[in-house]
Amino acid sequence: MTVEVLYFAWVRERIGLPRERVSTQAETVAGLIAELVAREERYAMAFADLSSLRVALDQDLADFDSPLAGVREVAFFPPMTGG
Amino acid sequence: MTVEVLYFAWVRERIGLPRERVSTQAETVAGLIAELVAREERYAMAFADLSSLRVALDQDLADFDSPLAGVREVAFFPPMTGG
Amino acid sequence: MRLAVQTEPFDLGAESVAFAAGAAGAGAVVTFTGIVRDNGGTLSAMEIEHYPGMTERAIAAIMEEARSRWALVDALVIHRHGRLAGGEMIMMVATAAPHRADAFAAAEFLMDYLKSRAPFWKKELGPEGATWVAAKDEDEAALRRW
Amino acid sequence: MRLAVQTEPFDLGAESVAFAAGAAGAGAVVTFTGIVRDNGGTLSAMEIEHYPGMTERAIAAIMEEARSRWALVDALVIHRHGRLAGGEMIMMVATAAPHRADAFAAAEFLMDYLKSRAPFWKKELGPEGATWVAAKDEDEAALRRW
């Protein structure tokens with residue numbers, strides 16, 4: 001399947017892209033992260049500490065073990081600092 | 001001694017006066033109230049239920065057993081409803 | 001810190017903007033505005049009586065207390081008295097602090113104290129006549145949390 | 001209920017007055033305004049990034065949740081993104097309710113959720129460079145009281 005992957009804040013800066021289309025075999029968010037980390041050092045750096053990352057699937061907050069089936073948009077970002 | 005006695009809200013309406021000068025022998029607020037109640041029915045009505053009354057001495061909230069010595073202004077009123 | 005006890009209306013917009021602009025170093029500004037409720041026209045007006053002199057003393061003391069408890073940059077209290085129509089603004093409080101928790105806590109504290117410890121008395125003037133507003137047990141209870 | 005996510009400044013005065021005037025039946029209006037702190041000029045600017053689409057969804061969900069929990073007459077959220085100078089207003093929340101406890105609680109709830117659950121990220125641009133603002137443990141803890 002193909003998903004649109006979005007990066008925000010320092011995740012975007014480390015990876016050097018705001019978004020990209022990704023072909024993946026992964027069944028979960030964690031599987032997708034493993035594929036990305038295997039690609040290049042900048043991905044490994046961005047995903048080094050999952051406790052400081054959040055993920056949204058189709059614009060709803062989700063967990064790293066959430067399934068990817070049917071998902072079109074995956075976003076990775078640090079904890080929010082709004083308000 | 002002589003004190004200025006002020007009445008507010010329904011206390012003022014029951015007694016029919018916003019303020020008056022009162023000569024008193026009383027040593028406490030309770031003593032002053034007893035003298036006023038003995039005067040006329042409208043005072044007795046106004047002071048019938050002390051639990052629904054508050055008193056201020058020289059513009060600071062006080063108790064019914066507070067001493068009157070040195071006080072110039074005594075005010076009686078129902079619980080406040082500001083804000 | 002500024003406090004005003006007045007019969008005239010106040011301009012919530014101008015007061016809010018001036019307060020926020022003057023609060024140097026603040027990251028958080030909270031305002032509270034009290035309005036004469038007009039539920040389907042049953043309340044036509046309100047008459048607010050106060051105790052001149054003591055009112056200002058009591059509010060100043062409440063504001064000093066708030067300043068001693070929280071890291072406030074500034075605070076403002078405006079309270080009207082006299083006759084007010086349904087929908088009119090009765091009073092406002094504003095607090096400014098570096099962080100939101102202090103601004104919120106101080107504004108709620110000021111409101112709880114103004115409700116039960118500042119010498120104002122409200123009389124509702126409805127279609128069936130005038131009634132003094134009774135103090136609520138919950139307002140007295142609200143003071144106990146501080 | 002209205003929500004706006006925008007780069008443009010907003011007019012706190014005009015927004016506050018329009019909100020209060022439109023809140024029919026309200027006795028209490030609370031506003032919160034967040035300001036870029038400028039402590040002695042050490043913070044020259046702030047850059048706020050957000051997630052278009054999800055931001056609006058998240059804020060709308062937070063506002064619906066507030067309306068389901070408290071007796072609100074109305075609510076408003078305005079949040080800016082992009083580059084903001086020290087002293088500029090970042091965002092505002094307003095709540096209107098018949099009674100003050102609901103208006104205060106809903107405003108604090110909205111702020112707590114906006115801090116940690118709406119997809120905004122703040123970067124401080126100071127004299128020593130740019131730093132992403134770290135989420136605070138106390139902001140996460142603040143959510144647990146609701």
Side-chain angles (χ1 to χ4, degrees), chain A residues 2-22 24 28-29 32-33 36 41-83, chain D residues 3 5 32-37 46-63 77-81 84 89-93 107-124 129-143:
Chain A
T2 304
V3 290
E4 190 79 14
V5 183
L6 283 67
Y7 309 110
F8 292 98
W10 57 254
V11 183
R12 172 180 54 71
E13 291 179 339
R14 286 191 196 174
I15 292 173
L17 285 175
R19 59 164 64 215
E20 60 183 322
R21 289 192 73 73
V22 174
T24 178
T28 65
V29 173
L32 174 62
I33 292 173
L36 292 169
E41 178 60 20
R42 58 196 169 109
Y43 290 96
M45 273 181 59
F47 291 104
D49 176 14
L50 290 188
S51 74
S52 64
L53 282 183
R54 301 289 179 269
V55 62
L57 300 181
D58 289 334
Q59 306 190 353
D60 280 322
L61 283 175
D63 298 312
F64 293 114
D65 56 4
S66 299
L68 282 186
V71 168
R72 288 165 302 142
E73 187 171 296
V74 180
F76 295 106
F77 42 77
M80 293 92 136
T81 53
Chain D
L3 80 90
V5 180
F32 176 92
T33 310
I35 299 170
V36 182
R37 269 188 301 278
M46 182 170 270
E47 183 89 34
I48 302 178
E49 182 171 336
H50 81 121
Y51 183 172
M54 180 171 168
T55 310
E56 292 78 0
R57 276 169 66 99
I59 297 176
I62 292 163
M63 293 174 83
V77 172
I78 302 174
H79 204 303
R80 296 174 66 192
H81 58 96
L84 283 75
M89 293 180 192
I90 304 169
M91 50 82 64
M92 75 173 284
V93 154
E108 290 195 65
F109 171 88
L110 287 172
M111 284 309 304
D112 285 350
Y113 271 79
L114 285 170
K115 279 271 165 192
S116 306
R117 292 294 180 272
F120 291 100
W121 300 275
K122 291 195 187 109
K123 191 183 216 174
E124 287 178 353
T131 324
W132 289 101
V133 174
K136 289 187 202 134
D137 288 344
E138 70 196 58
D139 285 333
E140 199 60 36
L143 287 182

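The structure displayed is predicted, hence computed values, not measured ones. In what follows, chains are A, B, ... by sequence order, proteins preceding strands, each numbered from 1. Values below: every heavy atom of this structure, side chains too, minus hydrogens, waters and symmetry copies.
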Answer key: most heavy-atom pairs under 4.5 Å with chain A among Phe120(D), Phe32(D), Tyr113(D) is Phe120(D)
Do the charged groups of Glu4(A) and Arg19(A) touch, with an N to O distance under 4.0 Å? yes
Is any residue of residues 5-14 of chain A within less than 4.5 Å of chain D by heavy atoms, and which ones? Leu6(A), Tyr7(A), Phe8(A), Ala9(A), Trp10(A), Arg12(A), Glu13(A)
When rounded to the nearest 0.5 angstrom, what distance separates CG in Leu3(D) from CD1 in Ile78(D)? 9.5 Å
Distance col, row Phe47(A):CZ vs Leu36(A):CG, nearest 0.5 angstrom, shows 5.0 Å
So, the part of Ala134(D) with a heavy atom under 4.5 Å from chain A: the answer is backbone
Nearest 0.5 Å please: distance from the CE atom of Met46(D) over to the CG atom of Leu84(D). 8.0 Å
Within-4.5 Å side-chain heavy-atom neighbours: His79(D) and Thr55(D): no
May I ask you to check whether over 12 heavy atoms, not counting those of Arg72(A), lie within 6.0 Å of atom CZ? no
I'd like to know whether CG of Asp137(D) has more than 12 heavy-atom contacts from other residues, nucleotides or ligands below 6.0 angstrom. no
Does any part of the side chain of Ile90(D), heavy atoms only, come nearer than 4.5 Å to the side chain of Lys122(D), both counted from C-beta? yes
Hey, does Leu57(A) have a side-chain heavy atom less than 4.5 Å from the side chain of Glu73(A)? no
Could you please state which residues from residues 76-83 of chain A sit under 4.5 angstrom from chain D, measuring non-hydrogen atom to non-hydrogen atom, sorted by number, or 'none'? Phe77(A), Pro78(A), Pro79(A), Met80(A), Thr81(A), Gly82(A), Gly83(A)
How many angstroms lie between CD1 in Ile15(A) and OH in Tyr43(A), if you round to the nearest 0.5 Å? 6.0 Å
Can you tell me how far apart CE (Met92(D)) and CG (Leu110(D)) are? Round to the nearest 0.5 Å. 12.0 Å
Under 4.5 Å to a heavy atom of chain A? For Arg80(D) that would be neither
Contacting moiety of His50(D), where chain A heavy atoms sit under 4.5 Å: backbone
What option among Met91(D), Lys123(D), Arg57(D) has the most heavy-atom pairs under 4.5 Å with chain A? Arg57(D)
dist Asp112(D):CG -> Ile62(D):CD1 (nearest 0.5 Å) comes out at 10.5 Å
